[in-house]
Amino acid sequence: MATHETIERNGKLRTTIKLEPGERVALCRCMHSKNFPFCDGTHNKVEGSTGPVIVEALREPVSESGSE
Ligand code: FES
């Protein structure tokens with residue numbers, strides 16, 4: 001399950017989200033979510049075309065050389 005932590009750093013809030021392999025989250029870009037930083041679907045009720053950012057953790061690590 002995704003976990004997140006928000007800390008203040010140099011006067012700015014910084015959020016770190018940790019995902020399990022294969023896990024996926026939707027992050028709010030419209031700034032209207034009541035569950036920020038996660039999207040709660042509120043963007044569908046506000047004007048504009050901004051939707052969430054979808055972030056997905058890979059199930060397998062990507063090889064550095066690009067070969068398998
Ligand atoms: S609620 Fe903000 S992008 Fe979905």
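In listed order, ligands and their atoms are each counted from 1.
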*So, for H43 and P52, which heavy atoms are closest and what is the spacing to 0.1 Å?*
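Between these two residues, the closest heavy atoms are CE1-CD, 3.6 Å.
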_Using the ring-ring contact (aromatic ring centres under 6.0 Å, His included) criterion, which residues pair with F36? Sequence neighbours excluded._
none
*Only protein N/O/S atoms count here: give how many lie under 2.8 Å from atom 2 (Fe) of ligand 1.*
2
*Please determine, by modelled atom types, if D40 and T42 share a side-chain donor-acceptor pair under 3.5 angstrom.*
yes
*Listed partners of E23 passing side-chain contact (heavy atoms from CB on, under 4.5 Å), at least two apart*: M1, A2, L19, E20
*Results of side-chain contact (heavy atoms from CB on, under 4.5 Å) for R14 - residues two or more places apart only*: I7, R9
*Taking atom CD of E56 as the centre, report whether more than 12 heavy atoms of other residues, nucleotides or ligands fall under 6.0 Å from it.*
yes
